[in-house]
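The next block holds one structure in the form of structure tokens; read it before the comments.
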Amino acid sequence: MGDTTKGSHETFVGSIDQGTTSTRFLIFKPDGEPIASHQIEFKQIYPHPGWHEHDPLEIIESVQQCIEGAVKDLENQGHSAGNIKAVGITNQRETTVLWNHETGEPLYNAIVWTDTRTAALVRKLKQRLGADRLPDLCGLPLSTYPSVGKLLWLLENEPKVKEAYDKGILAFGTIDAWLVYRLNGGPKKNVFVSDPTNASRTMFMNLKTLNYDDQLIDFFRLDSSKIHLPKITQSSHPTAYGSLESGVLKGVPITGCLGDQSAALVGQKGFTPGLAKNTYGTGCFLLYNVGEKPVFSSHGLLGTVAYDFGEGKRMYALEGSIAVAGSSVKFLVDNFGFVESSSKISQLAQTVDDNGGVVFVTAFSGLFAPYWIDDAMGTIYGITAYTQRGHIARATLEATCFQTQAILAAMEKDSGHKLAELAVDGGMSNSDLCMQTQSDLIQIPVIRPKMRETTALGAAIAAGLAVGVWESIDELKEINLEGRTVFKPQMEEAKSKEMFGRWEKAVQMSRGWSS
Ligand code: ADP
């Protein structure tokens, strides 16, 4: 195309956003605006109640198709794909892929972060000597959520995995490592790396050193000589992640890698300690930048890595993770046909004035932060003959807002600071009603950017910083500020406290159902 294309000196950065329900590829301009994109939903596999899997090869295929689709979109607008300087990756975290280190072939479906098959195994691990020390090393408490339980379950239950382990050819990776490995062509180049934001979700990484820790590996009784773990590399790096081996972007370097929630914090420009963002996707994840040293929570939050942009540019976060958020809306749509699509849920909720006394504890995968109740199940309280679908729709949106309220209370206790405002994004943040409810409950402004692909933007930022598209994070300050919506609290504080009290009562009552 050469000179016939628009602006041959243009610069773009690509971003692979490999989420729980869909894969996207977005192409960003240096001003932070996406210029082209493509999205594909892929299969959710639920073999038994509580089990949740993805096909690792379908995930790779979806990434490749999204790249092709977005590049076509870019070229249709008269721009050249040759101006894409680098690609960043952001991904669903904790989801675990095991493959044959020699052939690159997966040994089982990916076990998704929401999967609860490891509940019994986790109960046993909690009784092991030293279990209570784990959060002080890796930032995470034992639960069904991190990758380690998924690996241990597969070693116990899947003969192919055990055989590969015994032969010393078992490769373990989170989705970022799997993508980087396969997009680089697999075993031939064997680019086998992960970044600290992803590695910190396995329970194998020491949060202070950002290296694998033998104390952790030993606790899980794993033989590190028999298992290949990806090398932990900073989140933004010009060469460590290799380059795309095939397709329309063949040869373009992969230079950024961030777990999805860290990427959203970066995309929301949460670069300063004290800033926080909440992403309402399939689940909901609040990350609070705590600065250059890790903070270990005493109130049910996770200590995690915000991002690692190299020496002196490494930040930690406190995180509140909610397992079920947008997926509860999808549940009302898919399983009960309440409305035809998730985007219509607010309309249904607005057919009633309030929740009519209904509280929905959406504990489909137990309850995560700050409660960590593995044996809770989804439970609806307060149903009477008066209850309409609208009340349940409202209670569904409120469930995520209440959990966010509980997380903010825990964060305040851990950090000693009250948050001034909350930046939001993710599919469910499209609901004005949900965001207004959120602001009412937490009694601080909720700020929603106009361009809400912040997760993808975060990965593009990590990639762009490595190749000089942006020289420093200072250059990013003005990005995506225009057109923000601010939701200010409109509810009396006393009312918010009363509603929260009823929620907390419901949480206590949901305990123990699945045990
Ligand atoms: P992920 O990246 O985890 O796949 P997204 O950020 O794409 O998730 O958000 C998708 C989720 O948001 C879905 O579960 C969907 O039910 C929910 N969602 C999307 N739009 C709306 C809306 N307008 N109101 C409420 N929920 C919504």
Side-chain angles (χ1 to χ4, degrees), residues 14-20 22-25 38-40 42-43 45 53-71 84 86-113 147 150-151 154 160-161 164 169-195 197-199 201-202 227-233 235 237 239-260 263 456 459 462-463:
S15 178
I16 298 168
D17 180 357
Q18 204 302 296
T20 309
S22 73
T23 300
R24 301 175 174 93
F25 187 71
H38 195 78
Q39 177 170 4
I40 293 178
F42 57 87
K43 200 156 80 216
I45 306 166
E53 300 176 359
H54 292 155
D55 175 350
L57 295 176
E58 189 186 353
I59 285 184
I60 299 294
E61 179 72 26
S62 72
V63 169
Q64 284 163 338
Q65 283 181 16
C66 283
I67 293 176
E68 304 287 323
V71 165
I84 300 177
V87 166
I89 293 178
T90 179
N91 56 287
Q92 50 169 326
R93 303 169 304 169
E94 296 94 13
T95 299
T96 300
V97 190
L98 300 182
W99 66 93
N100 179 321
H101 183 68
E102 289 175 345
T103 64
E105 288 311 306
L107 294 165
Y108 193 82
N109 275 340
I111 300 191
V112 181
W113 58 274
S147 311
K150 306 174 200 307
L151 166 65
L154 285 168
K160 261 166 54 185
V161 171
I169 53 166
L170 179 65
F172 158 93
T174 40
I175 291 290
D176 57 313
W178 170 243
L179 290 179
V180 169
Y181 175 79
R182 288 295 290 232
L183 293 174
N184 271 281
K188 206 168 88 217
K189 267 167 67 190
N190 193 30
V191 181
F192 190 32
V193 285
S194 183
D195 96 302
T197 67
N198 280 293
R201 317 301 293 195
T202 59
I227 186 161
H228 297 261
L229 297 175
K231 184 171 182 293
I232 303 173
T233 308
S235 320
H237 196 282
T239 54
Y241 294 96
S243 59
L244 297 169
E245 176 72 7
S246 59
V248 274
L249 295 186
K250 186 171 189 263
V252 175
I254 302 168
T255 57
C257 179
L258 288 164
D260 51 9

Hey, what do you get for [atom1] ([X]) to [atom2] ([Y]), rounding to the nearest 0.5 Å?
X	Y	atom1	atom2	value
Ile89	Phe25	CD1	CZ	10.0 Å
Cys66	Arg24	SG	CZ	9.5 Å
Leu151	Leu170	CG	CG	6.5 Å
Ser22	Ile40	OG	CD1	9.5 Å
Thr20	Trp113	OG1	CH2	5.0 Å
Ile232	Thr202	CD1	OG1	7.0 Å

- Message: Ser15 vs Asp17, test: side-chain hydrogen bond (donor to acceptor under 3.5 Å, both in side chains). Steps then yes/no.
- Response: CA-CA 6 Å; Ser15 178; Asp17 180 357; over 6 Å; no
- In a check of side chain to side chain contact (heavy atoms under 4.5 Å, CB included) between Ile67 and each of Ile84, Thr23, Val87, Val248, which one passes?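 Among Ile84, Thr23, Val87, Val248, the one meeting side chain to side chain contact (heavy atoms under 4.5 Å, CB included) with Ile67 is Val248.
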- Item | Residue pairs passing the side-chain hydrogen bond (donor to acceptor under 3.5 Å, both in side chains) test where at least one lies in residues 178-189, sequence neighbours excluded |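 Applying side-chain hydrogen bond (donor to acceptor under 3.5 Å, both in side chains) to every pair that reaches into residues 178-189, excluding sequence neighbours, yields Asn184-Lys189, Lys189-Glu245.
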Side-chain contact, heavy-atom cut-off 4.5 Å: [X] with [Y]?
X	Y	result
Val97	Ile59	no
Asn198	Cys257	yes
Asp55	Phe42	no
Asn190	His101	yes
Leu98	Tyr108	no

- Task: Apply side-chain contact (heavy atoms from CB on, under 4.5 Å) to the pair Ile60 and Leu179, showing each step before the final yes or no.
- Result: CA-CA 7 Å; Ile60 299 294; Leu179 290 179; 3.7 Å; yes
- side-chain contact (heavy atoms from CB on, under 4.5 Å) evaluation trace for Leu183 with Ile16: CA-CA 11 Å; Leu183 293 174; Ile16 298 168; 3.7 Å; yes
- Item | Glu68 side chain to Gln64 side chain, donor-acceptor N/O pair below 3.5 angstrom |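 There is no such pair between these side chains.
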- Message: Strictly distance-based, threshold 3.5 Å: is any side-chain N or O of Ser243 a donor or acceptor partner for the main-chain N or O of Pro253?
- Response: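 Not at all, since once roles are kept as given, no pair shorter than 3.5 Å links the two residues.
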What heavy-atom pair brings [X] and [Y] nearest, and what distance separates the two atoms?
X	Y	result
Ile175	Gln18	CG2-OE1, 3.6 Å
Thr90	Ala263	OG1-CB, 3.3 Å
Pro106	Leu57	CG-CG, 3.9 Å
Gln65	His38	O-CD2, 3.9 Å
Ser147	Thr96	CB-OG1, 3.3 Å
Val193	Pro230	C-CB, 3.6 Å

- Query: Can you name the side chain to side chain contact (heavy atoms under 4.5 Å, CB included) partners of Thr239, sequence neighbours left out?
  - Reply: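 His237.
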- Task: Would you check, one step at a time, whether the test side-chain contact (heavy atoms from CB on, under 4.5 Å) holds for Leu154 with Lys160?
- Result: CA-CA 9 Å; Leu154 285 168; Lys160 261 166 54 185; over 6 Å; no
- Query: Who are the salt bridge (Lys or Arg N to Asp or Glu O under 4.0 Å) partners of Asp176, not counting sequence neighbours?
  - Reply: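 Salt bridge (Lys or Arg N to Asp or Glu O under 4.0 Å) list for Asp176, sorted by chain: empty.
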